[in-house]
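One structure below.
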Amino acid sequence: MDITHPDLHPLYADHLATLKSRTDTALARAGRDHLVLAAGTPRYEFLDDKPYPFAVNPWFKHWVPVTKAPGSWLVYTPGQKPKLVYLQPHDYWHVVPEAPAGYWVEHFDIAIIREAADAVQHLPKDPARSAIIGEDIAKVGPFAPDNPKALLDHLHWHRTYKTPYELAMMRVASKIGARAHRAAEAAFRGGASEFGIQMAYLDAARQTENELPYSNIVALNEHGAVLHYTDFNHAPPAHFHSFLIDAGASFHGYASDITRTHAAAGADEFAALIDAVDDAQLGFCAMVKKGQSYPDLHVHAHHVLANILREHGFIRMSAESAVESGVSSTFFPHGLGHGIGLQVHDVAGFQESERGGTIPKPPGHPYLRLTRKLEPGMVTTIEPGIYFIDMLLAELRKKPVAKDVNWDKVDAFRKYGGIRIEDDVVCTNGEPENLTREAFAAAV
Ligand code: GLY
Ligand code: MN
Ligand code: MN
């Protein structure tokens, strides 16, 4: 997307108006006069002058599409034009952040500073009346982040409802991811190693690893059974059976989170299982509707996946008893998904209301990350999977229900690792918008 596209101006103006109005209420709740957001401060490796990759405070990039401005600050006082205090050091050792430009700058008073400590002169006169949001390390002078809970509860809650501007950013992040997924699949079909596939992905995304919203999972064969497999073997395997890739992209601070699983040529039984999970996944995506309880959807997914396990000959028990006895969790041991936006695992997945509180996870589902009801504007991932994980299968084998498992079939599938299909889906007032499927359709 061309960021100077005129349509972004009104979208961004509306987005900013929404943030201001949310912040007005949040400041009133916390009894403060100013919102002060720290972009953040680089951290260094122990005994070294080498910084870790910089990750901007997500609240900062909620206001401005700027992700590479350590030492900068943003101030909002109700009724006043927001102020960006922008650190552009005089420095010939490092890249100096570019001068602010684009559709958003006209909405800010901008003060350029050359030293991090100079930010204090441009921040509110009374730090005690400020809600200062950031990590401790971002402290400058008397401005130590204090992250008031009442303010953050309100802002976290509302951040789950994306503005049209945010959805536009997420559509682009999805398109970049879909384009790169196509390149990764082609590399797999061409016999590349995990490392080679990763290089093909980064090249097509035109993003470095540090710019991606999370570390890519590029897993050939049994590596797909390691849920967060982040090694990259440099040598191709002797035999190709399967390929699971969980990889996203970023755009103006917003994330996409996409997983696809591919069968190698000739792995027909595994391909049929992928098709079954894909069909099931589309069914779950269609249920991303106003008022849908996400934990109910997660438990529904367990039943559908258990049925697939039965139909494909892995288990002999009914779907109901597979879910009740925990057998479905051996094969599907993670949550159905999570909110996504400025962070790949977005905030407030368990929050009860804008005043805070926690909605507990259903018993027996410790890894679910979203317990809220879906409402228009929320974006969630839908990422069911079926895996053949040695550790979990060994535990299952010791239980009485093991007699209703077809171990020969299970053992024959270990070499494939597992299947996950993951899309990012917007809940609307009507039919859901599947950002990922639409991006793949456009990337043909
Ligand atoms: N890529 C991380 C996740 O799917 O949650
Ligand atoms: Mn995910
Ligand atoms: Mn993922």
Side-chain angles (χ1 to χ4, degrees), residues 53 55 58 160 162 170 173-182 184-185 194 197-198 201-202 205 207 209-220 223-232 242-251 253-262 274 277-278 280-282 284-285 288 294-295 297-298 301 305 332-350 361 365-372 374 378-387 389 417-427 432 434-437 439-440:
T160 43
K162 271 58 185 177
M170 294 182 76
S174 297
K175 282 188 180 147
I176 298 168
R179 181 177 76 209
H181 267 260
R182 290 235 192 270
E185 185 188 356
E194 291 165 347
I197 295 169
Q198 168 77 340
Y201 186 96
L202 297 177
Q207 296 190 0
E209 285 178 282
N210 293 340
E211 288 167 326
L212 297 177
Y214 59 90
S215 300
N216 285 357
I217 294 166
V218 175
L220 292 171
H223 293 158
V226 180
L227 295 183
H228 284 170
Y229 177 81
T230 49
D231 280 356
F232 297 99
S242 63
F243 171 39
L244 185 156
I245 172 163
D246 184 343
S250 304
F251 187 72
Y254 288 86
S256 60
D257 182 5
I258 304 171
T259 309
R260 289 294 181 267
T261 309
H262 306 282
I274 295 176
V277 175
D278 194 59
Q281 193 265 4
L282 283 172
F284 308 147
C285 291
V288 173
Y294 199 83
L297 187 53
H298 168 84
L305 294 169
F332 175 39
H334 59 71
L336 181 63
H338 48 86
I340 178 169
L342 288 163
Q343 292 167 271
V344 67
H345 297 148
D346 219 7
V347 290
F350 306 110
K361 298 170 198 178
H365 298 276
Y367 299 114
L368 190 58
R369 289 174 176 269
L370 180 57
T371 52
R372 286 170 64 172
L374 299 176
M378 288 185 172
V379 187
T380 175
T381 69
I382 296 288
E383 49 181 305
I386 289 180
Y387 309 86
I389 301 172
I419 296 170
R420 179 164 64 258
I421 313 283
E422 177 176 27
D423 292 344
D424 305 341
V425 185
V426 186
C427 182
N434 188 319
L435 299 174
T436 312
R437 299 272 171 169
F440 272 112

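The model shown is predicted, which means the values in this text are computed figures rather than measured ones. In what follows, residues are counted from 1 in the order of the sequence shown. Order of listing sets the numbers, starting from 1, for every ligand and every atom in it.
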**Message:** Could you check whether any side-chain heavy atom of Arg437 comes within less than 4.5 Å of a side-chain heavy atom of Gln281, counting everything from C-beta outward?
**Reply:** yes

**Message:** Please check this pair: side chain of His181 against backbone of Ile258, looking for a donor-acceptor N/O pair closer than 3.5 Å.
**Reply:** yes

**Prompt:** Charged N to carboxylate O below 4.0 Å: is that the case for Arg420 and Asp257?
**Reply:** no

**Prompt:** So, Tyr294 side chain and Gly337 main chain: donor-acceptor pair closer than 3.5 Å or not?
**Reply:** yes

**Fill in**
Per-atom filter on ligand 1: closer than 4.0 angstrom to a heavy atom of Asp246 are 1 (N), 2 (C), 3 (C), 4 (O)

**Prompt:** Is the backbone of Thr259 close enough, under 3.5 Å, to the side chain of Glu383 for a donor and an acceptor to pair up by distance?
**Reply:** no

**Asked** Among the protein atoms near the Mn ion (ligand 3), how many are N, O or S and lie under 2.8 Å away?
**Response** 4

**Asked** Does an N or O anywhere in His338 fall below 3.5 Å from an N or O of ligand 1?
**Response** yes

**Request:** Give a yes/no answer: is there an N/O/S atom of His345 under 2.8 Å from the Mn ion (ligand 2)?
**Result:** no

**Request:** Pick one of side chain, backbone, both or neither for how Thr259 approaches ligand 1, counting any non-hydrogen atom pair under 4.0 Å.
**Result:** neither

**Request:** Using a strict cut-off of 4.0 Å, indicate which atoms of ligand 1 neighbour a heavy atom of Glu422.
**Result:** 4 (O)

**Request:** Give a yes/no on ligand 1: does Val344 have at least one heavy atom closer than 4.0 angstrom to it?
**Result:** no

**Item:** Donor-acceptor contact present, side-chain Tyr214 to main-chain Val344, <3.5 Å
**Value:** no

**Prompt:** Does any N or O in the side chain of Lys162 come within less than 3.5 Å of the main-chain N or O of Ile340, such that one atom is a donor and the other an acceptor?
**Reply:** yes

**Prompt:** When rounded to the nearest 0.5 angstrom, what is the spacing between CG in Leu374 and CG in Leu297?
**Reply:** 7.0 Å

**Asked** Is there side-chain contact between His298 and His365, with at least one heavy-atom pair below 4.5 Å?
**Response** yes

**Message:** Using ring centroids (six-membered ring only for Trp), state whether His334 and Phe332 fall under 6.0 Å.
**Reply:** yes

**Prompt:** Any idea which protein heavy atom is nearest atom 3 (C) of ligand 1, and the distance to it?
**Reply:** Asp257 OD2, 3.3 Å

**Message:** Check contact between His345 and ligand 1, using heavy atoms of the residue and a distance below 4.0 angstrom.
**Reply:** yes

